[in-house]
Asks: 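A single structure is presented below for examination.
Scope of the values below: all heavy atoms of this structure, side chains included, with no hydrogens, waters or symmetry mates. Proteins come first, then strands; the chains are lettered A, B, ... in the order of their sequence lines, and each starts at number 1. Here the structure is a predicted model, which is why all the values come from computation and not from measurement.
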Number of protein chains: 2
Amino acid sequence: MRPTVHDIAAKAGVSLATVDRVLNNRPGVRSVTRDKVERAIATLGYVRDVAAANLAKGRNYPLVFILPEGDNSFMRGLEGEVRAAMARSASERTQITILPVPAFDAQALVQALWEAHQRRPAGIAVVAVDAPEVAEAVKQLRDTGITVVTLVSDLPGSGRDHFAGVDNIAAGRTAGTLMGRFTGGRAGPIAVLAGSMLVRDHRERLEGFSAVMAEEFPARQLLPVIEGQDDPVLVEKLVRALIEREPDLAGIYSLGAGNRGLVAALEQTGKSKTICTIAHELTPHSRAALSSGTIDAVLNQDAGHEVRSAIRVLKAKADGLAVIEAQERIRIDIFLKDNLPIEQA
Amino acid sequence: MRPTVHDIAAKAGVSLATVDRVLNNRPGVRSVTRDKVERAIATLGYVRDVAAANLAKGRNYPLVFILPEGDNSFMRGLEGEVRAAMARSASERTQITILPVPAFDAQALVQALWEAHQRRPAGIAVVAVDAPEVAEAVKQLRDTGITVVTLVSDLPGSGRDHFAGVDNIAAGRTAGTLMGRFTGGRAGPIAVLAGSMLVRDHRERLEGFSAVMAEEFPARQLLPVIEGQDDPVLVEKLVRALIEREPDLAGIYSLGAGNRGLVAALEQTGKSKTICTIAHELTPHSRAALSSGTIDAVLNQDAGHEVRSAIRVLKAKADGLAVIEAQERIRIDIFLKDNLPIEQA
DNA sequence: CTGTTAGCGCATTCAG
DNA sequence: CTGAATGCGCTAACAG
């Protein structure tokens with residue numbers, strides 16, 4: 001049987017309360033007594049039963065998730081994962097509130113952060129917009145003792161406690177290697193389709209992609225970046241124009257959202273099989289396009305992992321516990337039509 | 001505040017004991033009473049606090065992991081993950097024993113299963129050897145009420161409760177698509193290097209790979225399978241001979257272990273950059289070869305996920321709970337040099 | 001500074 | 001068939 005607080009109280013010749021004080025290093029214990037207790041803890045190899053402790057404490061973690069509104073499939077999937085976490089609230093002792101904000105709107109985000117603050121949560125997870133006023137708001141939150149983690153898109157210089165998202169430079173490099181090798185057999189230039197260069201993750205993906213293309217495939221021509229604002233309608237128009245302009249186009253790297261428009265343009269111009277297409281985020285649309293062969297590869301960040309990781313970190317930091325950084329690192333998944341995961345309900 | 005057993009006892013006008021009987025549907029309750037209680041449960045929206053229940057029960061799960069011995073890096077990594085799980089035993093209420101057995105030895109495995117049986121564990125996880133006597137042993141274990149999950153390599157027809165491993169046909173297909181596309185720019189045949197065709201996962205990978213090559217890249221010549229017995233020394237010899245025999249070799253798909261020998265042969269013959277190489281399992285060796293460019297892609301199964309999943313399933317089945325199959329599905333990871341995960345300590 | 005006591009939410013004797 | 005009482009391992013008043 002594992003040793004309990006009783007065992008160590010007996011061994012040290014003190015009461016439960018004193019043991020508890022030492023365990024949670026609260027004040028009010030003579031250092032002699034403390035030593036006795038600590039020795040007992042060590043020799044018995046005591047480890048605290050966290051479940052029992054939480055039960056006794058009745059601890060729970062009020063958390064706020066600030067997520068962008070809009071019909072971006074990835075973001076809706078992310079929200080779904082947060083809702084799934086809400087369903088687990090009971091066993092995880094969390095109580096999660098979702099605060100929706102207009103996408104790419106720094107002012108609105110600052111406002112939302114303020115609202116979140118009012119609720120005095122233990123922690124906040126936020127899909128950040130990369131603007132100084134947002135960073136400032138985050139700083140203030142942290143000064144109040146609220147833990148903040150950025151989700152999907154980071155906000156360096158804000159002092160956020162943690163970033164739950166992928167290394168987007170590495171993602172861009174991965175896309176570059178795949179693109180270079182997949183198009184190895186044919187000539188023609190390659191186009192890059194972004195959402196907006198004002199967003200940090202998009203900038204970083206481009207950086208990684210361009211670097212690999214320059215290093216490893218210097219002969220391949222890279223067309224100037226096209227910005228589709230993550231809007232399917234605009235994206236479709238732009239890609240149609242692109243295809244007309246560049247009849248010999250070998251590949252398209254879509255590093256943002258709005259892939260519905262991209263797929264439509266490729267399929268309706270009959271170019272879906274001849275242009276190598278690499279996109280980001282596994283959504284119902286990109287998944288279908290991958291299956292049909294219109295998209296050749298999808299780089300994905302697992303939204304479920306990101307949400308669960310954010311919650312773990314938020315709870316740990318709220319308790320002043322250390323986080324195993326390596327364990328919380330979000331991987332870049334590569335999906336081909338052959339290794340698609342089973343469709344969730 | 002969440003409703004507790006007290007609330008539902010009060011609401012239904014019965015005692016705690018009766019509520020408990022209904023909750024755990026034990027006998028000895030009139031159906032009228034049962035109905036009353038069930039109605040109270042429903043209207044209050046009661047959900048059981050599993051942590052508290054486990055505390056009260058003092059439940060724990062004795063588990064046995066049967067793992068192959070030998071210096072196979074992947075298997076050693078797997079063992080490491082089991083040991084990591086052992087370190088978490090306290091909080092997960094598990095007590096795990098590792099039983100090492102000689103690799104690929106059906107007789108020894110049957111013996112080990114018997115030994116495991118003696119310990120009367122709640123569940124057993126086993127890296128299966130695909131032999132009828134092993135299947136028979138597993139069947140008998142299950143008849144005793146012990147849950148059995150196969151790990152990494154499956155054993156269909158044994159009635160095992162669950163398989164914690166990847167879809168190896170899909171893995172082979174993924175390798176096929178990558179190989180076909182990566183070698184798109186050049187001519188030459190492709191070789192397949194297996195451990196042994198007597199092992200199920202190797203057979204399945206070959207099946208998937210061959211299928212995709214035939215369907216999608218029919219012009220590409222596939223050389224007869226070479227069997228290296230997962231032995232680095234033998235593998236190196238065979239690959240050297242292969243390279244000499246086929247000077248125009250375009251690619252090698254290594255679907256088993258012993259990649260140290262493969263890498264050595266490629267590097268020492270100076271062919272590492274000209275032959276497209278795809279291998280399985282991310283180990284220190286394959287990782288280094290991926291970084292240096294000798295290996296072009298590694299397909300991986302996350303041993304940590306497999307172990308954690310196996311434990312979750314073992315515990316759930318031991319409690320007669322349902323398993324969310326989709327959640328326990330192990331993904332096929334694709335690693336290029338660009339998206340390698342951070343090295344663990 | 002230290003000890004006593006009463007729960008947290010649930011399961012389980014043992015009486016009735 | 002049903003209920004009262006006790007305890008799992010830990011924390012938190014409240015006394016001393």
Asks: Heavy atoms of chain B, cut-off under 4.0 Å: which first and last nucleotide of DNA chain D, 5' to 3', fall inside that, if you could look?
Replies: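 Endpoints of the contacted stretch of DNA chain D: D:dC1 to D:dG9.
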Asks: Please check this pair: side chain of A:R329 against backbone of B:P341, looking for a donor-acceptor N/O pair closer than 3.5 Å.
Replies: no
Asks: Where along residues 16-25 of chain A does a heavy atom fall under 4.0 Å from DNA chain C?
Replies: A:A17, A:T18, A:R21
Asks: Assess whether a salt bridge exists between B:R331 and B:D302, defined as any Lys/Arg side-chain N lying under 4.0 Å from an Asp/Glu carboxylate O.
Replies: no
Asks: Just wondering, more than 12 heavy atoms not from B:R119 lying within 6.0 Å of its CZ?
Replies: no
Asks: Identify whether the distance between the nearest side-chain nitrogen and carboxylate oxygen of B:D49 and A:R93 falls below 4.0 Å.
Replies: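 Counted as a salt bridge, because a side-chain N and a carboxylate O are separated by less than 4.0 Å.
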Asks: Answer whether the closest heavy-atom distance between the side chains of A:L67 and A:P100 falls below 4.5 Å.
Replies: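 No, every pair of side-chain atoms sits at 4.5 Å or beyond.
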Asks: Should the pair B:R160-B:D154 be classified as a salt bridge under the 4.0 Å nitrogen-to-oxygen rule?
Replies: yes
Asks: Write down the atom of A:I330, the atom of A:S309, and the distance for their closest heavy-atom approach.
Replies: CD1-CB, 4.2 Å
Asks: Which part of the nucleic acid, if any, lies within contact of A:R26, taking any heavy atom under 4.0 Å across all strands shown: a base, the sugar-phosphate backbone alone, or nothing?
Replies: sugar-phosphate
Asks: Which part of the nucleic acid does B:G58 contact within heavy-atom distance under 4.0 Å: base, sugar-phosphate only, or nothing?
Replies: nothing
Asks: Do B:D20 and B:R26 sit within salt-bridge range, that is, some charged N less than 4.0 Å from a carboxylate O?
Replies: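 A salt bridge links B:D20 with B:R26.
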Asks: Would you kindly check if the NZ (Lys) or CZ (Arg) of B:R48 is within the cone defined by 45 degrees around the ring axis of B:Y46 and under 6.0 Å from the six-membered ring centre?
Replies: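 So B:R48 doesn't make the cation-pi contact.
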Asks: Taking the six-membered ring of B:Y61 (Phe, Tyr or Trp), confirm whether the NZ or CZ of B:R59 is under 6.0 Å from its centre and within 45° of its axis.
Replies: yes
Asks: Looking at residues 39-57 of chain B, who's got a heavy atom less than 4.0 Å off DNA chain D?
Replies: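 Within this stretch, B:L55, B:A56 sit under 4.0 Å of the strand.
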Asks: Quick one: is A:S15 getting a side-chain N or O under 4.0 Å of the C:dG3 phosphate, OP1 or OP2?
Replies: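 For C:dG3, OP1/OP2 do have a side-chain N/O of A:S15 under 4.0 Å.
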Asks: For A:H6 and C:dA6, what is the distance between atoms NE2 and P respectively, to the nearest whole Å?
Replies: 14 Å
